[in-house]
Amino acid sequence: MLKRKDLLGLIDASASEITEILDLAEEFKNRIKKGEKKMSYLEGKTATILFYENSTRTRTSFEEAAKYLGATTINIVAGNSSVAKGETLVDTGKTLDAQRNDFIVMRHPIGGAPYLLAKTVQASVLNAGDGMNEHPTQALLDMLTMREVFGSLKGLKVAILGDIKHSRVAKSNLFGLKTMGAEVTMYAPETLIPKGIDQLGAKLCKTRQEALDGADVVMGLRIQLERQQAGAFPSLGEYAANYGVDKRILEYAKPNAIVLHPGPVNRGVELTSDVIDHERSHIEDQVLSGVAVRMAALTLLNEARKA
Ligand code: NCD
C-alpha cells in the first residue's frame, strides 16, 4: 500500500511502490481502451491543476485522469491568477487548502517548489515537473510503456539521449529504472550532461553507438532551449548530425528495441521524422500510458489519505 501524502519524485520510491502504481495503471489503461471513462474512485474529491509552466500532454492527461475517476477539476494558469499579482506559493497553497482541495497537481520552473507546497498544505501534492529536478509521473508512464512491451523492467537496457542536463524526465527515469533493476546509459554533448549523474547510476557513453549498443529502449529528450542561457552546442543542425538519432543510428539498438520520447519533440533534432514515426516508436502510446499512470497515482494517494 502506498503510504505517502504526496508524489514528488522517484528518488525515494521503492520497487514495491513503483510496481503498485504500474499494476493499477495497467488495469486502468485496459479499462480506458475498452471505452470505460467514468469511474467513481474520486467521487466528491477536488483536484486543482496549478501550472506555472507550459504543457499540453501532462496538463490534459492529469485533467482527464481526475475526471475519469469522478473528481471535480479546477485549472489554474499562473499567468491568469493572483500569482501574477505577486501572491507567494505558500499563500496560494493556503487558499487552495481553505477551499478543501484534495489534490494539487503542480508544475513549476523552480526545482523543489512542489516540496515547499507539500509541506504547507493538507492536500496531496503531485509533482508534474519541477524545473530540472523531477517529473515522476512521466517516468512512471515511460516505465509502464516499457513493461507492457517487455514484460519486466529488470535487466532492460535503456539509452537516454538528448538534453539530459535540463531534463527532469531523465532524472526521474534514472531513479525509477535503477530501482527496478534496469540499466541506464546516457549520451549527450558534454555541456548537456549534469555533473554527478554517473554517481547516481547512469553509465555515460562516449558515442551514440556505445549508448545504443544492445539497447532495448531508446529515449530521446527535447533540447530545452528555454532553459539554456548560452548555447550548449553550435547549432541545431550540428546537434542533429552528431547527437541525434536517425534510422541508421537506431540500428545499433536491439532489433526489437522501442523508441520513446516524452514530447514535445523537435522533429529532426533529437530524433528524425522517420524514427518518430517508425513502427518501433511508442511515442503516441506513451500518451495513453500517461492518463493511466496519473489515474493510478491519484487513486493510490487517495487511499493513503483515507488510511
Ligand atoms: C517534458 C517536461 O515538461 O519535462 N514534457 C512532458 O512532460 N511531456 C519534457 C519536455 O518538455 O521536453
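We count ligands from 1, going down the list as the structure has it; atoms in each ligand are counted the same way.
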When you compare ligand 1 with [X], is there at least one nitrogen or oxygen pair between them that comes in under 3.5 angstrom?
X	answer
His135	yes
Gly263	yes
Pro262	yes

Starting from atom 3 (O) of ligand 1, find the nearest protein heavy-atom neighbour and note its residue, name and distance.
->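 Result: Arg168 NH2, 2.9 Å.
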Provide, to 0.1 Å, the distance between atom 10 (C) of ligand 1 and the closest protein heavy atom, together with that atom's residue and name.
->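 Nearest protein contact, heavy atoms only, for atom 10 (C) of ligand 1 is Arg222 NE, 3.3 Å.
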Report, in ascending order of atom number, the atoms of ligand 1 lying under 4.0 Å from any heavy atom of Thr58.
-> 6 (C), 7 (O), 8 (N)
Any atoms of ligand 1 less than 4.0 Å from a non-hydrogen atom of Gln138? List them with their elements.
->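 In order of number, 6 (C), 7 (O), 8 (N).
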Salt bridge (charged side-chain N to carboxylate O under 4.0 Å, His left out): which pairs involve residues 159-178, sequence neighbours left out?
-> Glu53-Arg168
Is there a side-chain contact between Arg222 and His261, using heavy atoms and a 4.5 Å cut-off?
-> yes
With heavy atoms only and a cut-off of under 4.0 Å, state how Glu53 meets ligand 1: side chain, backbone, both or neither.
-> neither
Scan side-chain atoms only and decide if Glu134 and Ser172 contain a donor-acceptor pair under the 3.5 Å cut-off.
->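 Side chains of Glu134 and Ser172: pair found under 3.5 Å.
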Residues Glu148 and Thr145: side-chain donor-acceptor under 3.5 angstrom |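 Absent: no donor and acceptor within the cut-off.
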Any sub-3.5 Å donor-acceptor pair from Thr272's side-chain atoms to Gly268's backbone N or O?
->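 No, Thr272 side chain to Gly268 backbone: no donor-acceptor pair under 3.5 Å.
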Scan the side chains in residues 42-51 for donor-acceptor partners under 3.5 Å anywhere in the protein, sequence neighbours excluded, and list what turns up.
{"unit_1": "Thr48", "atom_1": "OG1", "unit_2": "Asn101", "atom_2": "OD1", "d": "2.5"}
{"unit_1": "Thr48", "atom_1": "OG1", "unit_2": "Asn101", "atom_2": "ND2", "d": "3.4"}

